[in-house]
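Reviewing the structure listed below.
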Amino acid sequence: MTKFPATRPRGTGAYGLAGFTSAAVLFSVAQLVSAFFATASAPLVAMGSTFIDLTPPWLKDFAISVFGTNDKLALFISIGVVVAVASVLLGILAKRSFAAAAACIVLLAVAIGGAVLSRPATGLVDLTPIILGAVAGLACLRWLTTLVAKDRAPVSGAVPVAGSSRRNFLLGTALSLIGAAVAAGVGQSLATARNIADSARSALGLPVAKVPVKAPPADAQVEVAGMPQFITPNKDFYRIDTALSVPRINPADWSLRVHGMVEKEFTMGFEELLAQDLVESYLTLTCVSNPVGGQLVGNAKWLGYPLRRLLERAVPRDGADMVLSTSIDGFSASTPLEVLTDDRMALLAVGMNGEPLPLEHGFPVRMVVPGLYGYVSATKWVVDLEVTRFADKVAYWTTRGWSDHGPIKLSSRVDVPRSFARVPAGKVAMGGTAWAQTRGISKVQVQIDDGDWTDAELGAEASVDTWRQWRYVWDGGSSGNHVVSVRAFDGQGEMQTSEQANPAPNGSSGWQRVQFSVG
Ligand SMILES: Nc1nc2c(c(=O)[nH]1)N[C@H]1C(S)=C(S)[C@@H](COP(=O)(O)O)O[C@H]1N2
Ligand SMILES: [Mo]
């Protein structure tokens, strides 16, 4: 009937779908297998962690300012989108040359393998997930592209040929995708079931402090609707770290090595730590990435052992001026030795607000140090303290452009009203928070529009290491837009600087201004 062939090869769409499906198989098989190996053996975790380690300060700042503490979710989604697009292109490449596409998959696997090996606490065996994943992905691509090649579309006008090869391709794709989803789901439940840290944490009873701390005065909390709680509940406490998957440490396996420029190096296990005379203190933690008016600040009651005592036992040698603390996942912080040996309450903490540390906040042991931003002091999942010198060792963020010393800047914030809130006419109760850890807050002033700076009422002080709330009742003004500004004074009467600074390299500064409207 016709001289033309009645079919032509399937278009690029089918190949793109084959590529996407093979990538899904590769990643989910690797994810499933990774449940039996180090957490960082999962391709997504290894890639994401490596990406985070390569992140320059401006990008970290940007990510936190846009996504806040959802920055990790944003990273996973971005990686997912990039992988999805790349895999479709790979499928299309396979139409021209299967060998070229296979070579790309092998290269990708090698790159991921490199990322896995670059993580602390991984070894050659941790390459198993990516190797098995790559084999499964390759096999899937081979199979599906063979099925596509057999499936030839009818040329328009020609009588359609039987659609069985078509059905085979779609069936193969559906089976592969279902298999991938099942593998990913099973991998997830295996990882949860094997999470020994979770069960150990639930079973753990912490000792009580030898010296319990006095509860904060009731009027540390000012009475203004919408104010944050004076003590931040653990579930609301901000979380910032480079750990894409939270380290899972069995306390029975935990130990802390204290070494370096010391007379007596030693290692302490968890039991031994709990047997020391533990103390409690209220302390406000602050992240250097907190922008003016930001929420990366939290206040908690900590239970722990004074780092001063630990270092007394090690006896630092002359010339040492820094302690490099390292976490199980390779993060490190450089803290001035004198800060850890003077009489402030720098703690090796095991408890937070009456519970063992939550997993995301450093279970089983972390550091908390009054007066310093977290990146130079608050090492979570800490396993190593090296007494050394700033001249000799550089910590995680310091190599990425942040200052090696990170004292917290005197800051204040407006919590109520929120930006662009509309308040009813009449009296307006405003409130906020101010902090200058180790020095305390002596005064907070507010200014409405271009009016005079006026003293706010202060909530009671729990300690110089905690934030202090303020309250101000404004008589109210004309309907329309207004601005409230805030500034604080520390315990020595020094005023917060009005100079605006971004978080990098050593913390934001400037007075917060909040716009709101009346009426
Ligand atoms: N192991 C580890 N500890 C870490 C970090 C980290 O990335 N890894 N980040 C630090 C930073 S930058 C801050 S601000 C605090 C935050 O502590 P939180 O998450 O308990 O609020 O932890 C510090 N300790
Ligand atoms: Mo931080």
Side-chain angles (χ1 to χ4, degrees), residues 39-40 48-49 51-53 55 57 60-61 63-65 68-72 75 119-121 231-249 254 256 283-291 294-302 304 323-335 346-353 355-385 395-404 406-409 411 435 437 467 502-508:
T39 321
S49 307
F51 182 86
I52 290 177
D53 285 353
T55 301
K60 177 200 184 218
D61 245 24
I64 288 178
S65 67
T69 46
N70 287 323
D71 54 345
K72 294 192 176 81
L75 175 60
R119 307 311 306 158
I231 296 171
T232 317
N234 289 355
K235 65 172 178 27
D236 298 336
F237 208 95
Y238 81 92
R239 173 186 168 204
I240 290 289
D241 54 60
T242 61
L244 254 192
S245 67
V246 176
R248 296 173 299 209
I249 304 178
W254 178 88
L256 177 73
L283 167 62
T284 299
L285 293 194
T286 310
C287 181
V288 69
S289 297
N290 193 45
Q295 302 295 318
L296 302 179
V297 192
N299 186 40
K301 179 173 83 171
W302 306 94
V323 174
L324 186 75
S325 51
T326 307
S327 79
I328 197 154
D329 68 341
F331 168 89
S332 60
S334 54
T335 313
L347 294 182
L348 193 60
V350 293
M352 181 176 183
N353 289 332
E355 288 175 23
L357 296 175
L359 260 54
E360 320 79 76
H361 294 290
F363 183 79
V365 183
R366 74 174 304 171
M367 291 175 40
V368 291
V369 180
L372 300 182
Y373 288 120
Y375 83 106
V376 286
S377 68
T379 305
K380 305 190 269 191
W381 315 290
V382 63
V383 292
D384 190 286
L385 295 184
Y396 186 93
W397 285 114
T398 317
T399 57
R400 291 163 174 80
W402 296 78
S403 300
D404 54 1
I408 295 176
K409 294 182 182 175
S411 307
W435 57 90
Q437 290 90 326
W467 59 17
N502 288 327
N506 61 8
S508 65

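As the structure is a computational prediction, the values presented were derived from the model and not from experiment. Indexing begins at 1, ligand by ligand and atom by atom, following the structure's order.
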Inset, instruction - Please confirm whether Tyr238 comes within less than 3.5 Å of ligand 1 when only nitrogen or oxygen atoms on both sides are compared. - result: yes
Inset, instruction - Evaluate the ring planes of Trp397 and Trp402, with Trp represented by its six-membered ring, and classify them as parallel (under 30°), tilted (30 to 60°) or perpendicular (over 60°). - result: perpendicular
Inset, instruction - Check each heavy atom of Tyr373 against ligand 1 and say whether those closer than 4.0 Å belong to the side chain, the backbone, both or neither. - result: neither
Inset, instruction - Name the closest protein heavy atom to atom 9 (N) of ligand 1, giving the residue it belongs to and the distance to 0.1 Å. - result: Ile240 O, 3.3 Å
Inset, instruction - Just say parallel, tilted or perpendicular for the rings of Trp467 and Trp435, cut-offs at 30° and 60°. - result: tilted
Inset, instruction - Quick one: pull up OG1 in Thr284 and CD1 in Ile231 and give me the separation to the nearest 0.5 Å. - result: 10.0 Å
Legend entry - 4.0 Å heavy-atom contact, Arg366 with ligand 1: yes
Inset, instruction - Using distance alone, decide if ligand 1 has a nitrogen or oxygen within less than 3.5 Å of any nitrogen or oxygen in Cys287. - result: no
Inset, instruction - With heavy atoms of Phe237 as the reference, note each atom of ligand 1 found under 4.0 Å away. - result: 21 (O)
Inset, instruction - Enter the distance from Ile52:CD1 to Tyr396:OH here, rounded to the nearest 0.5 Å. - result: 7.0 Å
Legend entry - Protein residue, atom and distance nearest to atom 8 (N) of ligand 1, heavy-atom basis: Phe331 CG, 3.2 Å
Inset, instruction - State the atoms of ligand 1, each with its element, that fall below the 4.0 Å cut-off from a heavy-atom position in Ser327. - result: 1 (N)
Legend entry - Within-cut-off N or O pair, Tyr375 and ligand 1, under 3.5 Å: no
Inset, instruction - Take Asp329 and Lys380 through the salt bridge (charged side-chain N to carboxylate O under 4.0 Å, His left out) test and state the conclusion after the steps. - result: CA-CA 10 Å; Asp329 68 341; Lys380 305 190 269 191; over 6 Å; no
Legend entry - Closest approach of any protein heavy atom to atom 19 (O) of ligand 1, naming residue and atom: Lys380 NZ, 2.5 Å
Legend entry - Separation of Met367 CE from Leu348 CG (nearest 0.5 Å): 8.0 Å
Inset, instruction - Rounded to the nearest 0.5 Å, what's the gap from CG on Leu256 to CG on Asp384? Could you check? - result: 7.0 Å
Inset, instruction - Ignoring angles and geometry beyond distance, decide whether Asp241 reaches within less than 3.5 Å of ligand 1 through its nitrogen or oxygen atoms. - result: no
Legend entry - Rounded distance [0.5 Å steps], CG in Leu244 versus CG in Leu75: 5.5 Å
Legend entry - Atom indices of ligand 1, in the order listed, that fall short of 4.0 Å to a heavy atom of Asp329: 1 (N)
Inset, instruction - Run the numbers for me: atoms of ligand 1, each under 4.0 Å from some heavy atom of Thr242, listed by number. - result: 6 (C), 7 (O)
Legend entry - Nearest neighbour in protein (non-hydrogen) for atom 23 (C) of ligand 1: Ala378 O, 3.5 Å
Inset, instruction - Using a strict 4.0 Å threshold on nitrogen-to-oxygen distance, state whether Asp71 and Arg239 make a salt bridge. - result: no
Inset, instruction - Among Asn290, Thr232, Leu285, find the residue that satisfies the side-chain contact (heavy atoms from CB on, under 4.5 Å) test when tested with Val297. - result: Asn290
Legend entry - From OG1 (Thr326) to CD1 (Ile328), nearest 0.5 Å: 11.5 Å
Inset, instruction - With heavy atoms of Thr379 as the reference, note each atom of ligand 1 found under 4.0 Å away. - result: 3 (N), 24 (N)
Legend entry - ligand 1 to Trp397 polar contact by distance, N or O atoms, under 3.5 Å: no
Inset, instruction - Can you pull out the closest protein heavy atom to atom 13 (C) of ligand 1? Residue, atom name and distance to 0.1 Å, please. - result: Gly374 CA, 3.7 Å
